[in-house]
Amino acid sequence: MRMPPRIPQLPSTVSVHGHRLQLELVPSQTARKTWHVTEQLGAHLVGQARLYYERGEFSMETSTGTIKDADWGVVLMRAFGRSWSPPR
């Protein structure tokens, strides 16, 4: 008897490199799980990316390519670290 795939439990909000992100799991019956990642700037929600999980690995598409790692935090840090630099 096959067990359904285990869905990793991610927090609903996280801060990465100064970005406040909301993570929302998209309901799905497939083995590949998807979270909508929305950035919050003040009272406004801007941009939306997708974080994927399949076969023990998280991934995210960026303008510079795909980032993959077993740790979702590493994927988000690399994705948002590429697009963000501290104010001068």
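All values derive from a computational prediction rather than experimental measurement.
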Legend entry - Which atom of Trp35 lies closest to which atom of Pro8, heavy atoms considered: CZ2-O, 3.6 Å
Legend entry - Shortest non-hydrogen contact from Leu51 toward Val75: CD1-CG1, 3.8 Å
Legend entry - Any side-chain donor near an acceptor of the partner, Glu24 and His36, under 3.5 Å: no
Legend entry - Stacked cation flag Arg32 on Tyr52, 6.0 angstrom / 45 deg: yes
Legend entry - Distance in Å, Leu21 CG paired with Gln48 CD, rounded so as to fall on 0.5 Å steps: 11.5 Å
Inset, instruction - Quick one: closest heavy-atom pair of Ser59 and Thr66, and the distance? - result: CB-CG2, 4.2 Å
Inset, instruction - Would you name the heavy atoms of Trp72 and Phe58 that are closest together and state the gap between them? - result: N-CD1, 3.5 Å
Inset, instruction - Measure the CE-NE2 distance between Met77 and His19 for me, rounded to the nearest 0.5 Å. - result: 11.5 Å
Inset, instruction - Determine the minimum heavy-atom distance between Gln29 and Lys33, stating which atoms define it. - result: C-NZ, 4.3 Å
Inset, instruction - Check the side chains of Thr13 and Gln22 for a donor-acceptor pair under 3.5 angstrom, ignoring hydrogens and angles. - result: no
Legend entry - Distance, nearest 0.5 Å, that separates CD of Gln9 from CG of Leu25: 8.5 Å
Legend entry - Residue pair Arg50 / Met60: nearest heavy atoms and the distance that separates them: O-CG, 3.5 Å
Inset, instruction - Quick one: pull up OG1 in Thr64 and CZ in Arg78 and give me the separation to the nearest 0.5 Å. - result: 12.0 Å
